[in-house]
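Structure first, commentary second.
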Amino acid sequence: DTGVSQDPRHKITKRGQNVTFRCDPISEHNRLYWYRQTLGQGPEFLTYFQNEAQLEKSRLLSDRFSAERPKGSFSTLEIQRTEQGDSAMYLCASSPSDGQNTEAFFGQGTRLTVV
Amino acid sequence: GQQVMQIPQYQHVQEGEDFTTYCNSSTTLSNIQWYKQRPGGHPVFLIQLVKSGEVKKQKRLTFQFGEAKKNSSLHITATQTTDVGTYFCARAPRGATNKLIFGTGTLLAVQP
């Protein structure tokens, strides 16, 4: 399967715990994005990587959130001291670096439930 | 950034009926993309429009970009149960990141 893969698919955690999600983008894609989606809403941009450089972070990304893409391949998103409001689907997407082509390929997401 | 508004929020049709969703922006868009998200699934890219007045077709789906590049529409002819899902428009603001700003989405239900 050459699509974007995310792990885990589901995560249930207790409030206050830390969680980490992983995203493996399509191998030839330099651009990697994290989005968050809550029920009935469209995905909201969280952060963007061009290769290993994190070039943009949304104001939605509080200081409890950190994302890395250490070797310019896979990426991790960590949430520290989870809160119930963090419950959402976390989507990773990748796209080629061709400036004309902005199509995003989404993974199946990690659904986080904070109890 | 400016959110893109979509109408309607929800549409219920009988199989075989047509369906249209509209995407509106108060500012000029450099481009518009359309995605489909099946229930429980992830967004899947359908099309990108960049030119004023552009019309593109994919089988029963027709996509339009307004002359002023402030609105777009997706029309499905003769809906099928496989068309069920939420249709999102999304804009990519000018800049280096190509991040997407998604619309509010239209949920389509098709009754057999």
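Checking B:Gln37 against B:Tyr35 by side-chain atom types alone, no donor-acceptor pair falls below 3.5 Å. Looking only at atom types and distance, the side chain of A:Ser95 has no donor-acceptor partner in the side chain of A:His29 under 3.5 Å away.
Contacts between A:Phe49 and chain B at a heavy-atom distance below 4.5 Å are absent for every atom of the residue. Contact of A:Leu91 with chain B is made through the side chain alone, with heavy-atom distances under 4.5 Å. A:Glu44 does not touch chain B: none of its heavy atoms, backbone or side chain, sits under 4.5 Å away. Contact of A:Gln108 with chain B is made through backbone and side chain together, with heavy-atom distances under 4.5 Å.
The interface of residues 63-76 of chain A with chain B, defined by heavy-atom distances below 4.5 Å, is empty.
Atom NZ of B:Lys56 sits in a crowded spot, with more than 12 heavy atoms from other residues, nucleotides or ligands closer than 6.0 Å. Residue B:Gln80 qualifies as enclosed at atom CD: its count of foreign heavy atoms under 6.0 Å is above 12.
For an aromatic pair to be called close, the ring centres must be under 6.0 Å apart, and A:Phe106 with A:Tyr35 satisfies this.
Remark: B:Phe19 engages B:Tyr87 in a ring-ring contact (aromatic ring centres under 6.0 Å, His included) (not counting sequence neighbours).
Of the residues listed (B:Gln11, B:His75, B:Gln64), the one engaging B:Thr20 in a side chain to side chain donor-acceptor pair (under 3.5 Å) is B:His75, and it is the only one.
Between the CH2 atom in B:Trp34 and the CD atom in B:Gln58 there is a gap of 12.5 Å [rounded to 0.5 Å].
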